[in-house]
Amino acid sequence: MNKLILASAALIFFAGCASNQWQTKIEAFPAMYDDRQPITIVVVPAINKTTAASASNYFNVTITEPVANQGYYPIPVEIVRDIFLKEGIVDSQMIKGMPTSIFNKNFGADAVLFVTIQKWDTSYAVIAANVSVGMEYVLISTTTNEILWKYSATIVVDTSAQSSGFILADIISTAITTATTDYVPIAKNVNAQAFIALPHGKYSKQHRTDMDENVVYKVLKDAAVD
Amino acid sequence: MNKFLLAFFTVSALLITGCTTTNANTGYYWGNYSGTLYSLKTSPGKNSLDKHIEELQSIIDYSNKKGIRVPPGVHAELGYRLAQTNRNSDAKAELNKEIITYPESRPFIERVTIFLGLEGIYE
């Protein structure tokens, strides 16, 4: 059994090392290194494809900071949401069907960031539990409608309790730990993982110095679907 | 070293220091922005709104004290929240500060001003 695990791990490791699995930022996202790179970005409230209704909140309150810290001007999500609600647009899925030029007209935005929460699972196996969170990000130009950047990120957090030696206590303890897991840091971590592959914007010290960073994992880029 | 592990540890290390420091790329200070916003969204009401307004003001005060630029959208959001508590002339002042700090925000601020019905307010 152990030998099988070692062999599989070795295969994955070597496959990961192959140079054609990775791209530099400029190879993967050339539009972000010319005048198509946006400054103002409208972040649309998350499209939640999971059964965890609260997942959207965790995303919506944690996305503004990393977009700004990467050097862009993000328009506050909550304000966008309220303005859309008043227009009868309650669903980010509805927004996806609209021409992106609307965002340029209404908010002066150069690009729109759509985020889809694909996974927000709590899985139990009696006394072991973990939380899996997966998100996909797609950045679209409001002038040319092209995809400027896209990426996906997933993390798995182990929320199992420390064993007390008493099975019943462990079961309850794991359930409590998982239920009260603070999801805000988890959401922050997923955003941060994805943004490793995001070219730096105008306000960042690293603007236009990061093009040759070989950090774009093709599988993650291709997984983000428009 | 496996690239994923390296990325994960780098990201985790950065996140741990998050709350009290300024961002390395941009110099922005965010304080507990996502914390008070999360409370506002999940337990809406006067209390959580006041706390979030306080946090936005504290981010602005700290930034001014340290001579760093206020992060994108903070003046705008403070203006928006103040308008929600009917402090309209203070709200207008904050919205204007957003345009001064980030000129590209002008179309957005004009949109929000109309949305809030603040066109006729002079600070």
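Protein chains get the first letters and strands the later ones, always in sequence-line order, with residue 1 at the start of each. What's counted below: heavy atoms across the whole structure, side chains too, no hydrogens, waters or symmetry copies.
In this structure, no portion of B/R106 lies under 4.5 Å from any heavy atom of chain A. Using a 4.5 Å cut-off between heavy atoms, A/H200 contacts chain B through its side chain alone, with no backbone atom that close. When heavy atoms are compared at a cutoff of 4.5 Å, A/D82 approaches chain B by way of both its backbone and its side chain. With a 4.5 Å cut-off on non-hydrogen atoms, A/F195 does not touch chain B at all. For a residue to count as touching a neighbouring chain, one of its non-hydrogen atoms must lie under 4.5 Å from one of that chain's; by this rule A/I83 touches chain B with backbone and side chain alike. Only the side chain of A/K86 comes within less than 4.5 Å of a heavy atom of chain B; its backbone N, CA, C and O stay farther away. The part of B/Y80 that comes within reach of chain A is its side chain, from C-beta onward, which places non-hydrogen atoms under 4.5 angstrom from that chain.
B/L37 CG to A/T62 OG1: the interatomic distance, rounded to the nearest 0.5 Å, is 9.5 Å. Here the CD-CG distance, from A/E78 to B/L40, works out to 7.5 Å after rounding to the nearest 0.5 Å.
No more than 12 heavy-atom neighbours from other residues, nucleotides or ligands sit within 6.0 angstrom of CZ on A/R81. Atom NZ of B/K66 has 12 or fewer neighbouring heavy atoms from other residues, nucleotides or ligands inside a 6.0 Å radius. More than 12 heavy-atom neighbours from other residues, nucleotides or ligands sit within 6.0 angstrom of NZ on A/K202.
By number of non-hydrogen pairs under 4.5 angstrom with chain B, the leading residue of A/T40, A/I63, A/I79 is A/I79. The residue among A/V67, A/V80, A/T64, A/V61 with the most heavy atom pairs within less than 4.5 Å of chain B is A/V61.
In this structure, B/R111 pairs ionically with A/E87, as a charged nitrogen and a carboxylate oxygen lie closer than 4.0 Å.
Relative orientation of the A/F107 and B/F108 rings is tilted, given thresholds of 30° and 60° on the angle between their planes.
Side-chain atoms of B/S105 and A/Y73, non-hydrogen and from C-beta on, do get closer than 4.5 Å to each other.
Not less than 6.0 angstrom separates the ring centroid of A/Y203 from the ring centroid of B/Y28.
For A/K205 and B/T26, the side-chain atoms include no donor-acceptor pair closer than 3.5 Å. Side-chain contact annotation: B/K41 with A/N57, donor-acceptor N/O pair under 3.5 Å present.
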